[in-house]
Amino acid sequence: MIGTTVLHQTHFLLPQESPDVNLRLKEQECLTLLRRCMHMEEFRQAHAQILKWGFFSNSFCASNLLATCALPDWGSMDYASSIFQQIEEPGTFEFNTMIKGYAKDFNMEKSLFVYCEMLEKGVHSDNFTFPSLLKACAWLKAIKEGMQIHGHIFKIGLESDLYVQNSLINMYGKCGKIQLSSAVFEQVDLKDVASWSAIIAVHTSFGMWCESLKLFKEMGHDRSCRPEESLYVSMLSACSHLGALDFGRCLHGILLRNISELNLTVQTSLTDMYINCGCIEKGLCLFQRMIKKNKFSYSVMISGLAMHGCSKEALEFFSEMLEEGLEPDDVIYVGVLSACSRAGLVEEGLQCFNRMKFEHGIEPTIQHYCCIVDLMGRAGMLNEALEFIRTMPIDPNDIVWRSLLSACKAHHNLKIGEIATKSSVPLILHNPSDLLILSHMYARAKKWEDSAMVRTELACQHLHQTPGFSLVEVKRKIYRFVSQDMSHRESEDIYEMIHQMEWQLKFEGYSPDTSQILLDVDEEEKRQRLKAHSQKLAIAFALIHASQGIPIRITRNLRMCNDCHTYTKSISKIYTREIIVRDRNYFHHFKDGACSCRDYW
DNA sequence: GTATAGTATC
């Protein structure tokens with residue numbers, strides 16, 4: 001036994017074996033040196049040492065040198081590029097490293113450029129090449145290049161690689177090709193959490209929120225022991241848009257049960273979900289418990305408070321954010337300006353607008369101009385608002401004119417109302433509700449002929465209107481109602497409930513306001529139609545199913561009509577129910593017969 | 001032999 005060991009050791013040290021062993025040792029030494037680098041200065045020293053040892057000619061050492069320079073956060077792609085150029089025959093690993101390094105630095109064009117160089121030199125791509133490359137295409141929305149690369153993937157035979165497939169799902173989604181994205185997803189045999197996460201994120205970004213929820217259910221919970229945080233961010237965003245509070249709460253529960261400390265992004269998404277589902281206190285509580293906050297958390301909170309009509313608090317948080325040294329962006333300013341507008345803080349609003357431009361160097365977008373028109377309009381400064389629109393450096397859109405028109409309606413200024421409508425004839429043609437406001441204003445001024453003329457115009461166009469819908473969540477399921485909906489299984493019960501509600505409302509002195517019905521039908525028909533507006537159907541359905549004492553939360557895509565507003569106020573009183581309705585940009589809290597918007601919306 | 005995708009606010 002002893003003899004064998006000795007023999008073996010001797011054999012191991014035979015002269016012909018030693019160069020190879022020495023080489024391995026050298027390589028290991030290089031690698032250890034490079035792995036120890038924690039910042040640029042250490043890396044420079046390691047680089048010098050490797051040159052001194054004469055190891056740069058060793059391809060393994062050179063590759064690792066390159067990767068250490070290109071990939072970490074402290075790395076430098078300029079430096080990496082100079083190393084890359086000194087490598088005589090860069091191979092797949094070196095090219096992959098460069099592609100990934102540039103993509104990591106968001107230098108996506110260079111990433112693609114390196115790939116072209118790789119193709120020219122005939123260097124083979126592998127499964128590591130495509131994830132970063134497709135990420136670059138996704139970022140640049142370079143669908144043509146993305147599809148070409150998809151072609152290369154087929155040619156090489158990597159179309160079944162899970163990492164490549166997941167990257168393709170993301171790339172097609174980011175390039176706006178949801179069908180291609182779904183097609184790739186369907187072809188994935190063994191879908192992992194990342195595949196589901198990618199396809200759900202794609203649906204959420206497309207505004208297909210119900211589909212996101214469906215996909216999540218389809219995925220089931222058994223596929224991952226620990227929930228992927230980014231998946232939950234997409235899911236919470238979907239819930240936030242849908243007003244799906246119960247679903248969102250359920251996600252919150254899963255997160256709490258599985259993750260000991262939620263990261264800032266998830267915390268922000270949770271806050272956003274609660275606020276957009278109408279639970280402002282819960283959102284506030286989560287926000288205040290965040291140890292660290294970033295501009296997104298503040299953004300969610302500021303816009304949220306503004307949407308709920310809590311302007312003072314929104315502006316306080318804005319000051320707090322600035323004090324913390326966080327740089328505001330254009331989105332945050334939309335929240336800030338709308339808070340000023342709701343609270344009638346004209347001076348502050350205009351100051352913020354100037355501060356945004358001059359102090360923070362943010363170019364105002366159409367949304368900011370909209371806020372200012374709204375700000376002036378609400379305050380009754382109609383001439384100033386009109387002047388402001390006329391001197392805006394960008395073309396006003398229909399929303400800007402509509403803000404002015406709404407203000408004219410509230411302040412009974414027919415003259416400027418006419419200008420607001422007529423200045424934008426080609427645009428406004430698409431939105432009959434604007435013409436309706438004008439016709440009301442004519443009627444109020446007893447200009448019957450003008451009123452009739454506008455209505456005739458309206459009757460020709462009412463088909464162009466975006467179909468309105470209301471969403472309501474009952475027992476973690478979202479129900480969607482459109483006006484005159486008969487498609488629900490419980491339609492009969494819902495209409496019976498509507499009938500009962502009408503009886504009760506009559507005692508309260510409610511009378512239907514049919515003036516906003518656009519159709520050319522008789523008064524009785526109008527009343528029938530009014531009864532079955534989507535919001536009313538949703539309320540009836542929720543009254544049948546949701547437990548007493550729990551607020552009814554409705555999310556709708558269009559602005560509420562006057563009648564639905566009055567109706568909901570009365571219902572909140574008769575049934576002693578809090579009803580929270582979110583429309584495109586505001587929360588209406590109906591309680592005891594009153595609404596938080598104080599009837600200006 | 002070295003590394004690999006998906007992430008929120010108008």
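A quick note: this is a predicted structure, and the numbers were derived from the prediction, not measured.
- Side-chain proximity of A:Asn96 to B:dA3, B:dG6, B:dC10: nearest is B:dA3.
- When heavy atoms are screened at a 4.0 angstrom cut-off, A:Ser303 is found touching no nucleic acid atom at all.
- A:Ala194 comes within 4.0 angstrom of a base, heavy atoms only.
- Whole-Å rounding puts the A:Tyr333 OH to B:dT9 P distance at 21 Å.
- Atoms CD1 (A:Ile50) and P (B:dT2) sit 17 Å apart, rounded to a whole Å.
- Of the candidates B:dC10, B:dA5, B:dT7, B:dC10 carries the atom nearest the A:His241 side chain, counting heavy atoms from C-beta on.
- When the P atom of B:dC10 is taken as reference, atom CD1 of A:Ile399 falls 14 Å away, rounded to whole Å.
- Checked options A:Thr555, A:Asn276, A:Thr271; the residue passing with A:Ser240 is A:Asn276 (criterion: side-chain hydrogen bond (donor to acceptor under 3.5 Å, both in side chains)).
- As judged by a 4.0 angstrom heavy-atom cut-off over every strand, A:Val233 is placed among residues touching the sugar-phosphate backbone only.
- Between A:Arg36 atom CZ and B:dT2 atom P there is a gap of 20 Å when expressed in whole angstrom units.
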Next item on the list: Would you please test A:Tyr586 and A:His308 for ring pair (Phe, Tyr, Trp, His ring centres under 6.0 Å) and show each step?
Entry: CA-CA 7 Å; A:Tyr586 199 71; A:His308 282 272; 8.2 Å; no

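- In the model, A:Thr204 has a side-chain atom that pairs as donor or acceptor with a side-chain atom of A:Ser212 under 3.5 Å.
- The side chain of A:Asn127 places no N or O atom within less than 4.0 Å of a non-bridging phosphate oxygen (OP1 or OP2) of B:dT4.
- Comparing B:dT2, B:dT9, B:dA3 by their nearest atom to the side chain of A:Phe296 picks out B:dT9.
- Closest to the A:Leu71 side chain, of the nucleotides B:dA3, B:dA8, B:dG6, is B:dA3.
- Ion pairing of A:Lys121 with A:Glu117 is present here, as a side-chain N (NZ or NE/NH1/NH2) and a carboxylate O approach within less than 4.0 Å.
- With 3.5 Å as the limit, one finds a donor-acceptor pair spanning the side chains of A:Asp192 and A:Asn166.
- Judged as a salt bridge (Lys or Arg N to Asp or Glu O under 4.0 Å), and not counting sequence neighbours, A:Glu159 has no contacts.
- Look at CG on A:Asn58: it is 12 Å from C1' on B:dT2, rounded to the nearest Å.
- With distances taken from any side-chain atom of A:Val193 to the nucleotides B:dC10, B:dG6, B:dA3, the minimum falls on B:dG6.
- Counting atom types as modelled, A:Ser230 pairs no side-chain N or O with a base atom of B:dT7 as donor and acceptor under 3.5 Å.
- Residues of residues 132-143 of chain A having a heavy atom closer than 4.0 Å to DNA chain B, listed by number: A:Lys135.
- Summarising the geometry, the separation between NZ on A:Lys104 and C1' on B:dG6 is reported as 19 Å, rounded to the nearest angstrom.
- With respect to A:Lys26 and A:Glu29, no salt bridge is recorded, no charged nitrogen being found less than 4.0 Å from a carboxylate O.
- In this structure, A:Ile83 places its CD1 atom 20 Å from P of B:dT2, rounding to the nearest Å.
- For A:Lys174, a side-chain nitrogen or oxygen approaches OP1 or OP2 of B:dT7 to under 4.0 Å.
- More than 12 heavy atoms of other residues, nucleotides or ligands sit less than 6.0 Å from atom NE2 of A:His360.
- Of the candidates B:dA8, B:dT4, B:dT7, the closest approach to any side-chain atom of A:Ala201 belongs to B:dT7.
- For the pair A:Leu66 and A:Met98, the minimum side-chain heavy-atom distance is below 4.5 Å.
- Distance CE (A:Met273) to P (B:dT7): 20 Å, rounded to an integer number of Å.
- Stacking is found between A:Phe60 and the pyrimidine-like six-membered ring of the B:dG1 base under the 5.5 Å centre-distance and 30° plane-angle cut-offs.
- Considering only side-chain atoms of A:Asp329, the nucleotide from B:dG6, B:dG1, B:dT9 that sits closest is B:dT9.
- Note on A:Asn64: a base of the nucleic acid sits closer than 4.0 angstrom, heavy atoms only.
- Note on A:Glu27: a base of the nucleic acid sits closer than 4.0 angstrom, heavy atoms only.
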